[in-house]
Amino acid sequence: MNKHLSVIEVKNLHKSYNHIKAVNGISFKVFQGEVFGILGPNGAGKTTTLEIIETLRRPDKGEIMVAGLNVQNHSHEIKEKIGVQLQSSYFFDFLSLRELLNLFASFYKKKIDPLEILAKVELTDKADSWAKHLSGGQKQRFSIAAALVNKPKILFLDEPTTGLDPQARHHLWEVIRRQNQEGITIVLTTHYMEEAEELCHRVAIMDQGKIIAIDTPNNLIKNLLQNGFKKEKIVQQANLEDVFLHLTGRQLRE
Ligand code: ATP
């Protein structure tokens with residue numbers, strides 16, 4: 001991670017839908033090479049924030065720079081540099097994964113090797129399968145593959161592992177980590193705190209449209225403990241997920 005180079009800068013962002021203040025004056029930076037998490041309860045404003053940075057929504061107020069470009073004036077150039085996995089993705093049912101990736105690449109006027117991209121998300125053996133025949137976990141991994149066709153510098157993942165079984169979730173974490181190790185900056189939202197701890201260098205916690213904390217997971221936990229927080233239950237060395245994975249194995253099921 002390069003703490004001296006921010007690839008995203010958000011200053012005083014506001015966005016309302018009629019009378020609902022979805023985002024209420026937030027500011028933060030994301031550094032190059034970082035995995036940055038946005039956490040918060042339902043309705044906190046996470047997706048709205050992501051969609052504005054992704055140039056899919058217009059802010060009411062604020063200055064948002066992505067890869068050195070202002071979202072208001074350079075949405076086209078920004079779209080060329082970012083990859084976006086939306087909360088739910090729909091693909092044409094009767095095209096194979098190979099055909100779909102070639103189609104998406106054509107939007108960017110790029111030639112790609114679909115097998116190379118499918119290998120990144122462990123789906124090479126499904127290259128000629130239809131999207132409608134993928135399991136939930138495979139669909140999630142394919143939606144990341146689709147977000148990689150333009151070789152993005154920044155990848156946005158909105159709740160990438162929601163609804164997946166523990167095996168599929170752990171495999172998706174590996175996929176995300178590998179992309180980050182290859183130099184892609186990653187911004188993700190999640191409701192799984194364990195996922196944020198595993199993957200994120202820093203997290204911002206949002207509530208009611210505001211950022212109420214921003215730091216590394218370790219520092220946030222340390223601060224809480226320094227303020228006298230104690231758990232009633234003794235923390236065990238293993239949890240139910242460890243039992244589940246021990247009994248059912250770590251292999252992907254489909
Ligand atoms: P979740 O965790 O449930 O995905 P979130 O943190 O991503 O929630 P947002 O989806 O950004 O939150 O929503 C923030 C607020 O804005 C919510 O009150 C939501 O109902 C409202 N909202 C979001 N999109 C729209 C829209 N298109 N029109 C009207 N209100 C909206």
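In listed order, ligands and their atoms are each counted from 1.
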> Under a 4.0 angstrom heavy-atom cut-off, which atoms of ligand 1 come close to Glu159?
2 (O), 4 (O)

> Check contact between Gly45 and ligand 1, using heavy atoms of the residue and a distance below 4.0 angstrom.
yes

> Between Gln167 and Thr248, does the side-chain hydrogen bond (donor to acceptor under 3.5 Å, both in side chains) criterion hold? Intermediate values first, please.
CA-CA 9 Å; Gln167 282 87 354; Thr248 60; 2.7 Å; yes

> Are the aromatic ring centres of Phe28 and Phe36 under 6.0 angstrom apart?
yes

> Need the ligand 1 atom indices (1-based, order shown) with element for anything under 4.0 Å from a heavy-atom of Ala22.
14 (C), 15 (C), 16 (O)

> Looking only at distances, can you tell me whether any N or O atom of Ile20, backbone or side chain, sits closer than 3.5 Å to an N or O atom of ligand 1?
no

> Enter the distance from Ile154:CD1 to Ile184:CD1 here, rounded to the nearest 0.5 Å.
10.5 Å

> At a 4.0 Å threshold, what atoms of ligand 1 neighbour a non-hydrogen atom of His191?
2 (O)

> Below the 3.5 angstrom mark, is there an N/O of Gly43, backbone or side chain, next to an N/O of ligand 1?
yes

> Would you mind listing which atoms of ligand 1 come within a distance below 4.0 Å of any non-hydrogen atom of Thr48?
9 (P), 11 (O), 13 (O)

> Only counting residues at least two apart or in another chain, list the ones meeting side chain to side chain donor-acceptor pair (under 3.5 Å) with Arg98.
Asp128

> Show the atoms of ligand 1 that are less than 4.0 angstrom away from any heavy atom in Pro41.
6 (O)

> Go through ligand 1 atom by atom and flag the ones less than 4.0 Å from a non-hydrogen atom of Ala44.
5 (P), 6 (O), 12 (O)

> Side chains of Asn70 and Ile64, heavy atoms from C-beta outward: is any pair under 4.5 Å?
no

> Show your working on side chain to side chain contact (heavy atoms under 4.5 Å, CB included) between Val121 and Phe142 and close with a plain yes or no.
CA-CA 7 Å; Val121 297; Phe142 182 65; 5.9 Å; no

